[in-house]
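What follows is a set of notes on a single structure, which appears directly below.
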Amino acid sequence: MQNRQWILKQRPEGAVSASDFEWVERPAPPLEPGEARISTVYLSLDPAARIWIAGPSYMPAVEIGDVMRGIGLGRVQESRDGSLRPGDLVTGLLGWQQYATLPAAALTRIDALPGIPLTAYLHVLGHIGLTAYFGLLDVGRPRSGETLVVSAAAGAVGSLAAQIGKISGCRVVGIAGGPEKCGWLTGELGLDAAVDYKNQDVAGALREATPDGIDVDFENVGGEILDAVLARINQNARIVLCGLISQYNLKRPAPGPSHFARVLTQRARIEGFIVTDYLPRAHEALPVLGDWLRRGRLKYRVEVVKGLEDAPRALGKLFDGSNQGKLILQVSEES
Ligand code: NDP
């Protein structure tokens, strides 16, 4: 069986380009006992991809010549393990390829719920939902009446963190790029205010939008946006360091935030977290996220780009903000 794959050719300098990857077509390996062959349906394109190809981090680096790492959802085609049968839906680190050959133990079987689109398993009911849920509730610990600020608020993780903030009784202010995204935040998602960092002075707009200061910051961006937030934090503020997307493409480390001393004087807590640490607790979050989803308390947008061939170009959308919600690549038909 012929496989189609994207291989990492070189470590990018700055923004990712298609020339950092190489398109390869070669036979899929034979199945060993305990393994399954998955036909990829959807691949989640995540900002973390940029971290994985830069070098070792919270996961080993993707090495030159390796299939590009990516979380995906697919159907079992063939299995040599009793836990999986052909036709089963699974998620896992399928990689940027049409067919993934993996140990069954590295895959999670999905019992698709009626009425829930399959893409939700790479969003609200997958790693994105878990990131927003545990990042906000476990690390940020918001209380009713507090002010929460979320950056990259119109994106996948940010839009869920902001809505979970509303469910928790917070005043929620989102920061996003452009009037369309900001309008979606204050309109359909019901946020209290939105700051358009591409068209407004962030410090001034944030001052207006947070008259009582900021108690919790769900930080997805870093850089100047984090700095503007630090200038407004209240005593005992919690800064949930989920991501620093404005830094991932930098060739040299950026200077630290100029308002860092506010962490000291306001007795604030900054805590980084990685969602994989919470996977053993996924069973706590998924039923709650599913319930909020069914009751319309969580809304989400998905942008599906078709074709494995387009993966490197599509990844770039996360960094210029042209993605409208969770960015997903469709590799094959759902059934
Ligand atoms: P998104 O759907 O939010 O897409 C990324 C968005 O980031 C873009 O749409 C853009 O929105 C914004 N952005 C990109 N570059 C910049 C910049 N220079 N300045 C300001 N905003 C920028 O992606 P995800 O929801 O998947 O990821 C969001 C964040 O969460 C990332 O930082 C990611 O690394 C992090 N993350 C962390 C996890 C963890 O375990 N800690 C797990 C998953 C994600 P706009 O149009 O508003 O500019």
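Whatever order the structure lists ligands and atoms in, that order sets their numbers, starting from 1. Basis for what follows: all heavy atoms, side chains included, without hydrogens, waters or symmetry-related copies.
Of the listed options Phe273, Tyr278, Tyr248, Tyr248 places a heavy atom closest to atom 34 (O) of ligand 1.
Open room surrounds CD on Glu13; 12 or fewer heavy atoms of other groups in view lie less than 6.0 Å from it. Atom OH of Tyr58 has more than 12 heavy atoms from other residues, nucleotides or ligands within 6.0 Å. Lys306 NZ: 12 or fewer foreign heavy atoms inside a 6.0 Å radius.
Using a non-hydrogen distance threshold of 4.0 Å, Cys242 registers as a contact of ligand 1. By the 4.0 Å heavy-atom criterion, Lys181 is counted among the residues contacting ligand 1. Taking 4.0 Å as the cut-off, Thr276 does not count as a neighbour of ligand 1 on heavy-atom distance.
The Gly155 neighbourhood of ligand 1 comprises atoms 1 (P), 2 (O), 3 (O), with distances under 4.0 Å to a heavy atom of that residue. Every atom of ligand 1 is numbered from 1 in the order shown, and the set under 4.0 Å from a heavy atom of Ala176 is 47 (O). Residue Leu244 has at least one heavy-atom neighbour below 4.0 Å for each of these atoms of ligand 1: 32 (O).
At a 4.0 Å heavy-atom cut-off, ligand 1 touches Phe319 through the backbone alone. In Pro47, the part holding a heavy atom less than 4.0 Å from any atom of ligand 1 is the side chain.
For the residue pair Ser19 and Lys9, no side-chain donor N or O sits within less than 3.5 Å of a side-chain acceptor on the partner. Side chains of Gln77 and Arg37: a donor-acceptor N/O pair is absent below 3.5 angstrom, by distance only.
Ranking protein heavy atoms by distance to atom 42 (C) of ligand 1, first place goes to Thr131 OG1, 3.4 Å. The protein non-hydrogen atom at the shortest distance from atom 17 (C) of ligand 1 is Ser246 CB, 3.9 Å. The nearest heavy-atom contact from the protein to atom 32 (O) of ligand 1 is Asn220 O, 2.9 Å. The single protein non-hydrogen atom nearest to atom 21 (N) of ligand 1 is Tyr197 OH, 3.2 Å, given as residue, atom name and distance. Closest protein heavy atom to atom 44 (C) of ligand 1: Val157 CG2, 3.8 Å. The nearest heavy-atom contact from the protein to atom 2 (O) of ligand 1 is Ala156 N, 2.9 Å. Remark: minimum distance from atom 13 (N) of ligand 1 to any protein heavy atom is reached at Ile245 CG2, 3.6 Å. For atom 9 (O) of ligand 1, the closest non-hydrogen atom of the protein is Asn323 OD1, 2.5 Å.
Partner of Arg238 under the salt bridge (charged side-chain N to carboxylate O under 4.0 Å, His left out) criterion, chosen from Glu271, Glu219, Glu146: Glu146. Exactly one of Glu303, Lys317, Arg301 qualifies for a side-chain hydrogen bond (donor to acceptor under 3.5 Å, both in side chains) with Gln324. That residue is Arg301.
The distance criterion of under 3.5 Å between nitrogen or oxygen atoms is met by Val275 with respect to ligand 1. Between Gly177 and ligand 1, a contact under 3.5 Å exists for at least one N or O pair.
Between Glu63 and Arg11 there is a salt bridge, since at least one side-chain N of the basic residue sits less than 4.0 Å from a carboxylate O of the acidic one. Ion pairing of Asp192 with Lys166 is present here, as a side-chain N (NZ or NE/NH1/NH2) and a carboxylate O approach within less than 4.0 Å. Under the 4.0 Å criterion applied to side-chain N and carboxylate O atoms, Arg171 and Asp212 are not assigned as salt-bridge partners.
Follow the hydrophobic side-chain contacts under 4.5 Å out from Val67 and you never reach Leu315; the two are in separate clusters.
Between Phe273 and Tyr278, the ring-plane angle classifies as perpendicular under the 30° and 60° cut-offs.
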